[in-house]
Amino acid sequence: MVETKIIILDQQEIVYKIHYKRIKNCYLRVEKGEVVIRCSPLFPQSEIEKLIRNHQEEILEQIKGYVPKYNYQEDGYAYLFNQKYQIVLKDMNIKKCAIHDRQIYVYSKNIQATIEMFLKQELMNYLKERIDFYLSTSFHHVFPEIQIKKMKRRWGACFYQKNRVCFNLVLAHIDYALIDYVIVHELCHFLEANHSKAFYHEIEKRMPDYKERERLLKDVGI
């Protein structure tokens, strides 16, 4: 069950959504410029608003700083590896894209599907290159199967028993340094299956600044 409410923060009307779950605590996140609360149906409304007000500054900052990663329409835009490109439609009934300067030419009127196909290939090329680099310099592991999918809440996943890693297509929009953090994170799951101290120690050995990259990744949001 999802409920939509309004709260006034610094003289601004802020819409927030409450997702009622079978959980004990109350969790707050800003997702794609929206305030999202996850809590039990028994959690008091007054406590929800108190939680929001306690994080008012961070919430307003994140909402203000939120920039959608794409606007899939003619004369819209899409980000590729943290670079913004204007969409130019040249409909030739061909599912293909090409980049010239700061524009991405789309040769099919099905703009979203065509761009996503292009982004997937660009991301796959980068993932293969960087996974090969990390395996040759920091890991002793055979090259895994790579999958790219749309995921709502995860940047990546490791299926260590199947020697497979899966990455979120949204990674194609963001900076290389943050993609590399996700790569190292997932590869380290071949060494440590859970998120224990030992797991993060393995990440730190290979990427000493991982905490800063992790923080930036959280700020970007899926």
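Computed from a predicted model, the values in this text were never measured in an experiment.
M151 and L178 fall into different hydrophobic clusters, defined by Ile, Leu, Val, Met, Phe, Trp and Tyr side-chain heavy atoms under 4.5 Å apart, directly or through other members. L217 and V36 end up in different hydrophobic clusters when Ile, Leu, Val, Met, Phe, Trp and Tyr side chains are linked at under 4.5 Å. Residues Y134 and F81 share a single hydrophobic cluster, defined by chaining ILVMFWY side chains whose heavy atoms lie under 4.5 Å apart. One hydrophobic cluster, built from ILVMFWY side chains closer than 4.5 Å, holds both L187 and Y176. In terms of hydrophobic clustering, with Ile, Leu, Val, Met, Phe, Trp and Tyr side chains grouped at heavy-atom distances under 4.5 Å, M117 and L119 are assigned to different clusters.
Here the side chains of L216 and Y181 are not in contact, with every heavy-atom distance at 4.5 Å or above. Side chains of K96 and F118 form no contact here, defined as non-hydrogen atoms less than 4.5 Å apart. Y70 is not listed as a side-chain neighbour of I115, based on a closest heavy-atom distance of 4.5 Å or more. Taking 4.5 Å as the limit, every side-chain heavy atom of Q73 sits out of range of all side-chain heavy atoms of I87. Using a 4.5 Å cut-off on side-chain heavy atoms (C-beta onward), H195 and H185 make contact.
Hydrophobic side-chain contacts under 4.5 Å tie V35 into a cluster, directly or through other members, with M1, I7, L9, I14, Y16, I18, Y20, L28, V30, I37, F43, I48, L51, I52, I59, L60, I63. Other members of the hydrophobic cluster containing M92, listed by chain and number, are V88, I94, Y105, Y107; membership follows side-chain contacts under 4.5 Å among ILVMFWY residues, whether direct or relayed.
Residue R154 places its CZ atom among 12 or fewer non-hydrogen atoms of other residues, nucleotides or ligands, all under 6.0 Å distant. The neighbour count for K205 NZ, taken as heavy atoms of other residues, nucleotides or ligands under 6.0 Å away, is above 12. Within a 6.0 Å radius of CZ in R164, more than 12 heavy atoms belonging to other residues, nucleotides or ligands are found. Counting heavy atoms of neighbouring residues, nucleotides and ligands inside a 6.0 Å radius, atom CD of Q45 exceeds 12 of them. The neighbour count for E13 CD, taken as heavy atoms of other residues, nucleotides or ligands under 6.0 Å away, does not exceed 12. When the shell of 6.0 Å around NE2 of H100 is examined, it contains more than 12 heavy atoms from other residues, nucleotides or ligands. In this structure, K69 places its NZ atom where more than 12 heavy-atom neighbours from other residues, nucleotides or ligands lie under 6.0 Å away. Counting heavy atoms of neighbouring residues, nucleotides and ligands inside a 6.0 Å radius, atom NE2 of H201 does not exceed 12 of them.
Between the side chain of D101 and the main chain of Q103, no donor-acceptor pair closer than 3.5 Å is present. Formation of a donor-acceptor pair under 3.5 Å by the H173 side chain with backbone atoms of Y79 is found in this model. Between the side chain of R102 and the backbone N or O of K84, at least one donor-acceptor pair lies under 3.5 Å. Between the side chain of D175 and the backbone N or O of A177, at least one donor-acceptor pair lies under 3.5 Å.
Checked against a 6.0 Å centroid threshold, the rings of F159 and H189 do not count as neighbours.
Nearest heavy-atom pair across I111 and E74 is CD1-N, 3.5 Å. Across every non-hydrogen atom of P144 and I131, the tightest pair is CD-CG2, 4.1 Å. Across every non-hydrogen atom of E116 and Y72, the tightest pair is OE2-CE1, 3.8 Å. The two residues R206 and L191 have their closest heavy-atom pair at NH2-CD1, 3.5 Å. The heavy-atom pair separating K150 from N168 by the smallest distance is CA-OD1, 4.0 Å. In this structure, V165 and E186 approach most closely via the heavy-atom pair CG1-CB, 4.1 Å.
There is no side-chain donor-acceptor pair under 3.5 Å between E129 and N125. Side-chain contact, Y126 with D180: a donor N or O sits under 3.5 Å from an acceptor N or O. Between the side chains of N194 and S196, a donor-acceptor pair is found at a separation under 3.5 Å. Residues Q62 and E58 have side chains that never bring a donor and an acceptor to within less than 3.5 angstrom of each other.
When each of K152, K218, R38 is checked for a salt bridge (Lys or Arg N to Asp or Glu O under 4.0 Å) with E31, only R38 meets the rule.
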Candidate pair E212 and R215, rule salt bridge (Lys or Arg N to Asp or Glu O under 4.0 Å), full reasoning
CA-CA 5 Å; E212 176 62 14; R215 183 188 67 78; 2.7 Å; yes
Residue pair I179, F167: steps toward the side chain to side chain contact (heavy atoms under 4.5 Å, CB included) verdict
CA-CA 9 Å; I179 301 173; F167 296 93; over 6 Å; no
Could you walk me through whether N163 and F190 pass side chain to side chain contact (heavy atoms under 4.5 Å, CB included), step by step?
CA-CA 8 Å; N163 193 36; F190 288 119; 3.7 Å; yes
For side chain to side chain contact (heavy atoms under 4.5 Å, CB included), just list the numbers for I6 and V15, CA-CA rounded to whole Å, side-chain angles, deciding distance to a tenth of an Å, and then say yes or no.
CA-CA 5 Å; I6 293 175; V15 176; 4.2 Å; yes
Residues Y200, K211; criterion side chain to side chain contact (heavy atoms under 4.5 Å, CB included); working and verdict:
CA-CA 10 Å; Y200 285 104; K211 289 184 180 179; over 6 Å; no
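Note that OG of S40 is 10.0 Å distant from CZ of R22, once rounded to the nearest 0.5 Å. Taken from NZ in K24 to SG in C39, the straight-line distance is 15.5 Å, to the nearest 0.5 Å. Atoms CD1 and CG, from I203 and D209 in turn, are 11.5 Å apart once rounded to the nearest 0.5 Å. A distance of 8.5 Å separates CE of M124 from CD of Q147, quoted to the nearest 0.5 Å. For the atom pair CG (L127) and CD1 (I148), the distance works out to 5.0 Å, reported to the nearest 0.5 Å. Within the model, atoms NZ of K162 and CD of E145 stand 9.0 Å from one another, a figure rounded to the nearest 0.5 Å.
A cation-pi arrangement is absent between R213 and Y210 under the rule of less than 6.0 angstrom and at most 45 degrees off the ring axis.
In this structure, K149 has no salt bridge (charged side-chain N to carboxylate O under 4.0 Å, His left out) partners at least two apart in sequence or on a different chain.
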